[in-house]
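Before any comments, here is the structure.
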There are 2 protein chains.
Amino acid sequence: METTLEEMVAALKREGYKLTPQRRAVLRVIALSQSHLTPAIIYQRAHRTHPGIGLVTIYRTLNMLHELGFICEVCGEGHRPSYLFRRIPQHHHHLVCSDCGTVVNFTHCNLDSLERRLSEETGFLIQEHLLEFHGLCPKCRKQMPEQNFFLGGKG
Amino acid sequence: METTLEEMVAALKREGYKLTPQRRAVLRVIALSQSHLTPAIIYQRAHRTHPGIGLVTIYRTLNMLHELGFICEVCGEGHRPSYLFRRIPQHHHHLVCSDCGTVVNFTHCNLDSLERRLSEETGFLIQEHLLEFHGLCPKCRKQMPEQNFFLGGKG
DNA sequence: GCATTAAATGAAAATTACTTTCATCTACTA
DNA sequence: TAGTAGATGAAAGTAATTTTCATTTAATGC
């Protein structure tokens, strides 16, 4: 069901990539986190178990993992991309905590009928969609009770 | 119904901003385009009617317009942000042509029930969502008939 | 119209995020 | 265990954006 660190390792080898300690370190950081991580954060963490790792290696490993489909990009309104272990292989989207960064996956976006309607109305050939929900996870919600009154979106 | 260039100009003045020829040039470029534009493209176009305009001014004007809510950001999977005249003031989303960049707005995303379900299931307080459809507009679709066979999303 | 002034501008430098280059190293294969 | 293709990291390079600051100018009041 859920992709594991071991499966990632196996896939890397299968695809002909070498399994270096640096790559292991990056994989570990990604597989252990429930949040979306920037390259800089991944670098910091990987550095703890593997001092001497270079930021370049982080970028290269992220590219590789993205191409292999093991990580997702979180977009969050025009800022720099951050990355996330793709725990479930099927089509899904993310519910992102804007405070701590925790991400919950959800499948069944039910956008098919909307997609069909838009396609008919506009003549567009729709190829993909991007959907993300942003808010506060239960923990962060408790820590900021005043925020609970703010229910408005961006309009 | 639709926001006009004149309304933008009026709002700027109302908010205490000065109406400089540079700002006029940027407003014009944005109001005339049906696509999302990068700062670099806006710079190029504004340069035609106002040679000597600096790229810094583009960035500053875009920030201002974004804060005032006159432009939307288009995200498109982790790349650099590009901007778009917010023609309709209400909550809406974008259908973006991945070839020519033309954007069609649509309201009624019908995400309320999904949002409620997710909120119940996860305990998240959902504050906003990000939704974009990407595909080929009718014109570009005709120009690349071979693309019509590619209907798969990112899975 | 004209002086005043706070805000806006643009050149240049600084910053940030990322990519490329290249000499060295190392995980894997035979 | 040697050979080798692929991986690494330091350093340089690139691109996008921001900051700094001296100069200019749009709007206001006279």
Side-chain angles (χ1 to χ4, degrees), chain A residues 6 8-30 36-68 70-71 73-83, chain B residues 6 8-30 36-68 70-71 73-83:
Chain A
E6 292 74 49
M8 266 205 291
V9 166
L12 281 206
K13 306 200 87 172
R14 199 186 316 126
E15 297 287 330
Y17 291 100
K18 288 181 181 171
L19 189 62
T20 63
Q22 290 92 334
R23 283 182 178 161
R24 268 184 204 282
V26 174
L27 292 184
R28 244 180 62 89
V29 167
I30 288 175
H36 57 115
L37 305 167
T38 59
I41 292 282
I42 296 170
Y43 172 67
Q44 276 179 26
R45 298 201 186 163
H47 205 264
R48 293 208 274 264
T49 57
H50 193 100
I53 195 171
L55 190 50
V56 221
T57 298
I58 309 295
Y59 282 107
R60 285 193 278 231
T61 307
L62 287 174
N63 274 342
M64 180 194 72
L65 292 174
H66 197 233
E67 269 169 29
L68 292 179
F70 282 123
I71 53 177
E73 259 181 20
V74 172
C75 176
E77 293 280 322
H79 302 96
R80 315 244 159 222
S82 48
Y83 300 90
Chain B
E6 293 73 49
M8 266 205 291
V9 166
L12 280 205
K13 306 200 86 172
R14 199 186 317 124
E15 298 286 330
Y17 291 99
K18 288 182 182 173
L19 190 63
T20 64
Q22 290 91 334
R23 284 181 178 163
R24 269 185 204 282
V26 174
L27 292 183
R28 243 180 63 89
V29 168
I30 288 176
H36 56 116
L37 305 167
T38 59
I41 292 283
I42 296 170
Y43 172 67
Q44 275 179 27
R45 297 201 186 162
H47 205 264
R48 293 209 273 264
T49 57
H50 192 100
I53 195 171
L55 188 51
V56 220
T57 298
I58 310 295
Y59 281 106
R60 285 193 278 232
T61 307
L62 287 174
N63 273 342
M64 180 193 73
L65 291 174
H66 196 234
E67 270 169 28
L68 292 178
F70 282 123
I71 52 176
E73 259 181 19
V74 171
C75 176
E77 293 280 323
H79 301 95
R80 315 243 157 223
S82 50
Y83 301 91

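Residue numbering restarts at 1 for every chain, and letters A, B, ... go by the order of the sequence lines.
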| note | From CZ of B:Arg24 across to P of C:dT9 the rounded distance in Å is 12 Å
| request: Indicate, with a heavy-atom threshold strictly under 4.0 Å, whether A:Leu55 touches base, sugar-phosphate, or nothing. | output: nothing
| request: To the nearest Å, give me how far apart OH (B:Tyr43) and P (D:dT18) are. | output: 16 Å
| field | Side-chain N,O (B:Thr20) to OP1/OP2 (C:dA8) below 4.0 Å | value | no
| request: Return the value, rounded to whole Å, for the distance between atom CG of A:Leu27 and atom P of D:dA7. | output: 13 Å
| Which nucleotide in the set C:dG10, C:dA8, D:dT17 lies at the smallest distance from any side-chain heavy atom of B:Ile53? | C:dG10
| query | Could you state the CZ-C1' distance from B:Arg80 to C:dT16, rounded to the nearest angstrom? | reply | 10 Å
| message | Rounded to whole Å, how long is the line connecting atom CD of B:Glu15 with atom C1' of C:dA8? | response | 17 Å
| For DNA chain D, whose closest nucleotide is more 5', that of A:Gly16 or that of A:Pro51? | A:Gly16
| request: Whole angstrom is fine here: how far is it from CG in B:Asn63 over to P in C:dT9? | output: 13 Å
| Phosphate OP1/OP2 of C:dC18: any A:Tyr59 side-chain N/O under 4.0 Å | yes
| Hey, what do you get for CG (B:Leu37) to CD1 (B:Ile58), rounding to the nearest 0.5 Å? | 11.0 Å
| Residue met sooner reading DNA chain C from 5', once B:Tyr17 and B:Val56 are mapped to nucleotides | B:Tyr17
| query | Side chain of B:Pro21: nearest nucleotide among D:dG9, D:dA26, C:dG10? | reply | D:dA26
| remark: In whole angstroms, the gap separating P of C:dA11 from CD1 of B:Ile58 amounts to 12 Å
| query | Heavy atoms, side chains only, cut-off 4.5 Å: are A:Ile41 and A:Val29 in contact? | reply | no
| query | Does some side-chain heavy atom of A:Tyr83 sit less than 4.5 Å from a side-chain heavy atom of A:His36? | reply | no
| query | Roughly how far apart are A:Leu12 CG and A:Phe70 CZ, rounded to 0.5 Å? | reply | 6.5 Å
| field | Out of D:dT17, D:dT25, C:dA11, whichever nucleotide has its closest atom nearest the side chain of B:Lys18 | value | D:dT25
| query | DNA chain D: B:Arg60 or B:Lys13, which has the more 5' nearest nucleotide? | reply | B:Arg60
| field | Phosphate OP1/OP2 of C:dA8: any B:Gln22 side-chain N/O under 4.0 Å | value | no
| field | Intermediate values then yes/no, side-chain contact (heavy atoms from CB on, under 4.5 Å), A:Arg80 and A:Thr38 | value | CA-CA 8 Å; A:Arg80 315 244 159 222; A:Thr38 59; 5.9 Å; no
| field | Between C1' of C:dC25 and CZ of A:Arg23, the distance in whole Å | value | 14 Å
